[in-house]
Amino acid sequence: MTGPTLALRAADLDTADPLAHHRKLFLGSDDGAVRSYLDGNSLGRPLATTLDSLGSFVETQWGGRLIRGWDEGWLELPQRIGDQLGRVTLGAAPGQCVVADSTSVLLYKLARAAVAARPDRTEIVVDRDNFPTDRFIVEGIARERGLTLRWIDVAYDGGATPADVAAAVGPRTALVLLSHVAYRSGYIADVPAITAIAHDAGALVLWDLSHSVGSVPAELDAWDVDYAAGCSYKYLNGGPGAPAWAYVAERHLPTLDQPILGWLGSADPFTMGAAYQPAEGIRRLVSGTPPIIGMLAMREMLDLIGDVGMPAVRRKSELLTAFAVDAVDEMLAPFGVVLASPRTASERGSHITIDHPAFAGMVPELWQEGVIPDFRNPGGIRLGLSPLSTSFSEVAVAVEAIAARLATSGGPVAGGSA
Ligand SMILES: *Cc1c(COP(=O)(O)O)cnc(C)c1O
């Protein structure tokens with residue numbers, strides 16, 4: 001190899017990184033047994049402050065205020081955090097975001113609301129490479145409502161393009177459901193262009209931001225998006241099973257017709273009334289009691305992202321994935337590893353996928369040596385680079401560990417699995 005080693009180049013990048021000092025704010029970042037954590041796009045690390053805020057919530061809020069807590073701020077928390085999320089990461093004005101349920105359940109509610117708003121239309125457009133839950137939810141709705149799914153096929157290293165969507169939508173389209181950043185390839189969809197194409201056809205859009213929120217900036221209001229939803233346990237570090245969030249554009253709120261009518265989405269829950277009257281505003285998307293403890297950790301992360309600013313987060317994310325792609329080209333391509341993500345940094349989110357037939361058996365071994373990426377069928381390793389908690393050195397450690405395993409498993413092989 002010519003030039004400095006990967007590890008030395010990574011160390012230089014870490015030294016030059018203006019955000020590097022944030023990494024030590026995360027619990028476990030000094031755990032020597034985890035040499036490289038590249039799964040922050042699946043489960044972000046906890047912030048150290050989360051330990052205190054959860055403990056103090058249990059002690060003083062739950063333990064001290066007891067049932068009075070609901071009237072002293074807990075009931076408004078899903079909307080307060082929703083507004084913060086909208087301001088810090090989504091480009092959404094207040095009153096349009098709420099924290100609730102899981103992503104799967106919110107996708108169901110929003111997709112059902114969308115088809116209810118287009119009663120004369122019979123088709124939902126979705127791409128075949130979307131996350132399973134997204135595909136399954138609209139399959140279920142199609143079955144339930146007698147609708148047809150119109151599938152978009154995408155490139156293995158890409159995602160749905162404006163041209164793909166233009167070819168799929170028409171006068172029968174009720175809804176287009178796509179991901180902002182593809183969970184597998186990392187491809188960033190052109191949200192404003194695709195949204196405009198869907199609107200020109202008279203359809204509504206539902207964007208899944210699970211793999212972008214907190215790592216790739218969004219401008220949901222400016223992009224004229226109708227509905228959006230996403231996870232909080234990935235780049236928002238909300239913790240395992242933390243509730244999801246939803247966005248409904250203000251213009252749709254007065255008529256939003258969602259399918260799970262619960263008391264906390266009704267106009268005046270505590271009258272215990274006889275008939276359902278929807279609440280004004282985004283609260284009408286809520287069904288039941290908000291999962292308060294589960295939404296505390298993401299607030300710490302939103303505070304941090306708000307301080308750092310999304311443009312700086314995005315800059316670091318692009319540098320991390322660019323370094324990862326260079327490292328893969330240099331150290332893994334000779335073994336037949338194929339990049340299954342866009343080559344241009346501005347076209348991908350904060351993770352890349354690399355393919356090789358040997359990867360299925362390799363990931364458990366990597367985990368054992370403290371190198372933690374994740375595996376995606378059939379032969380993909382995903383390297384998820386969480387901008388505030390991942391170092392360039394962690395990328396180098398992982399790529400070197402993969403190279404070492406490929407070298408001992410029989411040298412160069414022809415072709416990837418793509
Ligand atoms: C992670 C993810 C989900 C997860 O949904 P849950 O209901 O939280 O299990 C859904 N969609 C996409 C695109 C994801 O990346």
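Values reported hereafter were calculated over all heavy atoms of this structure, with side chains retained and with hydrogens, waters and symmetry mates removed. Whatever order the structure lists them in is the order used to number ligands and atoms, beginning at 1. Only a predicted model underlies this, so the values are computations on that prediction, with no experimental measurement involved.
- A salt bridge does not link Glu394 with Arg35: every distance from a Lys NZ or Arg NE/NH1/NH2 to an Asp or Glu carboxylate oxygen is 4.0 Å or more.
- The pair Arg251-Asp226 meets the salt-bridge criterion, since a charged nitrogen lies less than 4.0 angstrom from a carboxylate oxygen.
- Residues Arg9 and Glu330 are paired through a salt bridge, judged by an N-O separation under 4.0 Å between the basic side chain and the carboxylate.
- Residue-level contacts of ligand 1 at the 4.0 Å heavy-atom threshold are Ser102, Thr103, Ser104, Phe131, Thr133, Asp134, Ser179, Asp208, Ser210, His211, Cys231, Tyr233, Lys234.
- Between Asp30 and Lys24 there is no salt bridge, since no side-chain N of the basic residue sits under 4.0 Å from a carboxylate O of the acidic one.
- Salt bridge absent: Arg348 and Glu318 never bring a charged side-chain N and a carboxylate O closer than 4.0 Å.
- A salt bridge does not link Asp120 with Arg118: every distance from a Lys NZ or Arg NE/NH1/NH2 to an Asp or Glu carboxylate oxygen is 4.0 Å or more.
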